[in-house]
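Report on the following structure.
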Amino acid sequence: MAAKKHGDRPVLESVYSVIALVFVLVACAELCGAATVVDVYRLIQYDISGVPFGSRLAGLNHHALSLHFPPGADLSRAVLVIPVRDLNLSYVKDYLSERQPLGGLLFLLPQIFNFESKESSGDGEELFKNIVMELEQLLIHTNIPYPVYFAFENDDINTVLADIKRNDVSGQPATATTGGYKLVVSTTEPKKVASPVMSNIQGWLPGLKADGDPNQLPTIAIVASYDTFGAAPALSVGTDSNGSGVVALLEIARLFSLLYSNPKTRGRYNLLFGLTSGGPYNYNGTHKWLRSFDQRLRETIDYAICLNSIGSWNNELWIHVSKPPENAYIKQAFEGLSNVGEELGIKVGLKHKKINISNSRVAWEHEQFSRHRITAATLSEISTAPGLFENTGSLADSRNFVNEDAVIKSVKLIAESLARHIYGHRGKNIQIFADEGSLAVNPSYIRSWLDLLSRTARVAPFLSKNDPFVMALKKELEEHTEEVILQNEVLDGIFTFYDSTKATLNIYQVASVTFDLLLLLVLGSYLIVLFSFLVITTRGLDDLISLFRRPPSRKVKTA
């Protein structure tokens with residue numbers, strides 16, 4: 001008996017090996033043809049006061065369909081692949097509003113929106129930019145119960161999309177029975193970002209006091225919010241909004257540090273530079289930064305100039321204020337900017353918008369200053385107050401759409417008007433920062449910082465307090481100013497954010513069920529023949545026949 005069991009072992013081991021081989025082959029049968037692998041960027045997921053917005057799922061494992069799918073196709077187990085070039089915004093809007101079941105969405109962005117792309121924008125690309133901005137506003141203000149991803153067009157994914165379209169048009173869309181392409185994103189489900197941090201950075205250029213002057217010098221503040229918010233946090237670089245404001249602030253700090261480094265040319269004004277966080281969230285970081293000021297500092301600030309989106313304008317900028325235009329400091333700042341603007345060929349307009357105290361919504365950064373009883377204004381190319389999460393660093397706000405010359409002219413405008421005010425040259429056509437002088441604006445400096453900002457996503461909840469970019473800003477401000485302070489604050493609890501912002505998408509070309517069944521039939525037949533051969537050669541034909549013979553009943557054994 002023991003010998004018989006010992007003889008059975010080789011047979012069983014062979015059979016087990018064959019069975020294992022079959023399972024491996026069956027598992028690989030569907031995913032045997034990997035078409036391509038691409039980086040994808042998930043639609044942001046966040047809550048406001050517990051109300052959910054954005055994409056609520058991250059994992060993906062569905063077949064791909066194009067917009068040419070046949071009527072009646074089951075979309076609940078499919079991912080719609082939609083190039084922005086072919087986007088029908090009304091269709092997407094209707095589909096989302098009706099909350100129809102869908103496995104997922106994949107939007108393909110033109111390379112012009114990729115910060116790594118060297119393409120230049122043309123007339124046609126401006127149309128795509130407007131479409132992307134509208135799409136983004138639609139997506140971030142909707143609760144979407146399935147994964148939504150963005151990817152950039154390339155040759156591989158365009159080839160796959162062409163095949164998908166061809167199958168859909170022929171009436172053979174990808175399903176479990178017909179095969180096609182399957183999109184797979186293997187990732188853990190999103191988790192809440194715990195205690196997101198906002199980092200504010202401030203630096204000083206102290207003015208020169210007259211001998212025996214006991215009074216504090218007046219202060220002018222130059223401020224720019226550096227963080228962003230967009231449909232895809234990993235792509236929200238905000239080159240214009242508000243990368244251009246950050247670059248302008250750094251260059252203005254550099255220019256005035258040259259003047260203030262010499263006691264003979266140091267002005268009798270303190271200059272306060274602030275790089276603030278939390279801009280998209282009612283300028284929450286600015287509010288907490290101002291709250292940290294003592295009463296003496298507040299009283300010394302004549303006014304603050306907040307810089308916002310000054311990199312893609314067409315020779316026209318706006319000064320937005322909350323206090324009446326008749327206010328002495330507002331009038332002073334406006335006239336100074338307007339006079340210099342005329343010399344540079346820039347039209348500067350004034351927009352007055354009162355603050356609604358009962359509304360917690362803050363449209364402009366200067367409104368937080370006004371709420372703290374500090375005179376302030378925002379200089380921007382935007383003529384009307386933006387809505388919530390509008391113009392905060394969208395997918396379309398890339399390097400290719402920022403006019404470098406516009407940033408340079410904006411710096412000249414601000415720096416020259418400030419200098420004329422500080423040194424008492426208001427109304428005089430004196431160029432302190434002349435192009436050919438030692439105090440000229442540095443285009444290379446501006447270009448290098450624009451490039452860096454265009455490669456750096458800056459959505460505050462996903463930036464740590466020791467983030468390399470935050471540290472780079474602090475170090476740069478230390479190069480040009482004194483008493484640089486990094487202030488870390490926690491974002492107010494009204495906003496909740498979730499991780500899983502970037503993933504890898506595997507696109508597989510899968511076979512149809514018919515092919516799988518045929519493969520299983522062939523493998524099954526092979527297994528039966530191999531099993532029979534092994535039994536006959538090791539134990540004989542009689543034992544093989546006995547395996548299929550019905551065992552005797554218990555009654556027969558008893559008899």
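Each residue takes its place number in the sequence, starting with 1.
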Under 3.5 Å, is there a donor-acceptor pair between the S454 and T239 side chains? yes
message = Within the structure provided, determine whether V132 and F150 are in side-chain contact (heavy-atom separation under 4.5 Å).
response = no
**Asked** Just by modelled atom types, is the A58 backbone N or O under 3.5 Å from a matching donor or acceptor in the Y149 side chain?
**Response** yes
* Asked: Are W318 and L350 side-chain neighbours, meaning at least one heavy-atom pair lies under 4.5 Å?
  -> no
Has R42 got a side-chain atom pairing as donor or acceptor with A503's backbone, closer than 3.5 angstrom? no
Is the count of non-hydrogen atoms from other residues, nucleotides or ligands lying under 6.0 Å from K353 atom NZ greater than 12?
yes
Do N391 and M133 make a side-chain contact, defined as non-hydrogen atoms from C-beta onward lying under 4.5 Å apart? yes
Practice prompt. Verify side chain to side chain donor-acceptor pair (under 3.5 Å) between N506 and T504, making sure each step is shown before the conclusion.
Written response: CA-CA 7 Å; N506 292 279; T504 299; over 6 Å; no
Q | Minimum side-chain heavy-atom gap D227-P280 below 4.5 Å | A | yes
Are F401 and F113 an aromatic pair by the rule of ring centers under 6.0 Å?
yes
Check: E381 side chain, G311 main-chain N or O, donor-acceptor pair, under 3.5 Å = yes
* Taking the side chain from T392 and the backbone from T228, do they hold a donor-acceptor pair closer than 3.5 Å? -> no
Whether Q111 side chain and N154 backbone form a donor-acceptor pair below 3.5 Å: no
Is it true that a side-chain atom of R266 and a backbone atom of L259 form a donor plus acceptor pair closer than 3.5 Å?
no
Which of N282, T276, L307 passes side-chain contact (heavy atoms from CB on, under 4.5 Å) with E365? It is T276
So OH of Y226 and OG1 of T456: to nearest 0.5 Å the spacing works out to 12.0 Å
Residues 463-495 vs ring-ring contact (aromatic ring centres under 6.0 Å, His included), sequence neighbours excluded, gives Y281-F495
Q) Can you find a heavy atom in the side chain of F369 that is under 4.5 Å from one in the side chain of I301? A) no
- Message: Just so I know, are the side chains of F462 and D467 near enough to count as touching, which here means a heavy-atom distance under 4.5 Å?
- Response: no
- Task: Go through the steps for I432 and H425 under the test side chain to side chain contact (heavy atoms under 4.5 Å, CB included), then give the verdict.
- Result: CA-CA 10 Å; I432 298 174; H425 297 316; 4.3 Å; yes
Residues I408 and P443: closest non-hydrogen pair is CD1-CB, 3.8 Å
Review point. Using a distance-only test with no angle check, is there a side-chain donor-acceptor pair under 3.5 angstrom linking W313 and S410?
Key: yes
Is it true that, when you exclude N262 itself, more than 12 heavy atoms of the residues, nucleotides or ligands shown sit nearer than 6.0 Å to its CG? yes
Sequence neighbours excluded, the answer for ring-ring contact (aromatic ring centres under 6.0 Å, His included) partners of Y269 is H421
(Q) Under a 3.5 Å cutoff, is there a donor and acceptor pairing between the side chains of T496 and K192? (A) no
Decide side chain to side chain contact (heavy atoms under 4.5 Å, CB included) for N270 and W204; before the verdict, give the C-alpha distance in whole Å, the side-chain angles of both, and the deciding distance to 0.1 Å. CA-CA 7 Å; N270 298 320; W204 278 94; 3.5 Å; yes
Problem - N/O donor-acceptor pair under 3.5 Å between N284 side chain and G278 backbone - result: no
Result for salt bridge (charged side-chain N to carboxylate O under 4.0 Å, His left out) between E343 and one of K409, K412, R420 points to R420
With a sphere of 6.0 Å drawn around CZ of R373, does it hold more than 12 non-hydrogen atoms of other residues, nucleotides or ligands?
no
Could you check whether any side-chain heavy atom of E390 comes within less than 4.5 Å of a side-chain heavy atom of Q137, counting everything from C-beta outward?
yes
With sequence neighbours left out, the residues meeting salt bridge (Lys or Arg N to Asp or Glu O under 4.0 Å) with E134 are none
Side chain to side chain donor-acceptor pair (under 3.5 Å) with S322: of E367, K354, H366, Q368, only one passes, and it is H366
| For atom CG of N314, is the number of surrounding heavy atoms from other residues, nucleotides or ligands below 6.0 Å larger than 12? | no
Output for pair (L337 CG, I319 CD1), nearest 0.5 Å, gives 4.5 Å
For L418 and F256, what are the C-alpha separation, side-chain angles and deciding distance, and is it a side chain to side chain contact (heavy atoms under 4.5 Å, CB included)?
CA-CA 10 Å; L418 281 175; F256 276 93; 3.9 Å; yes
Would you call the rings of H141 and F389 parallel, tilted or perpendicular if under 30° counts as parallel and over 60° as perpendicular? parallel
Notebook entry, point to check: Taking NZ, NE, NH1 and NH2 as the nitrogens, is one of them in R254 or E251 under 4.0 Å from a carboxylate oxygen of the other?
Noted result: yes
Are any of the side-chain heavy atoms of F273 and I252 separated by less than 4.5 Å?
yes
Between D240 and S312, a side-chain donor and acceptor under 3.5 Å
yes
Might you work through the side chain to side chain contact (heavy atoms under 4.5 Å, CB included) test for L473 and W449, ending with a clear yes or no?
-> CA-CA 10 Å; L473 286 180; W449 272 99; 3.8 Å; yes
Q) In terms of side-chain geometry, is the basic nitrogen of R56 or D47 positioned less than 4.0 Å from the acidic oxygen of its partner? A) yes
Donor-acceptor contact below 3.5 Å, side chain T378 vs main chain H320 | no
**Message:** Given 3.5 Å as the limit, does a donor-acceptor pair link the side chain of R361 with the main chain of N356, or not?
**Reply:** no
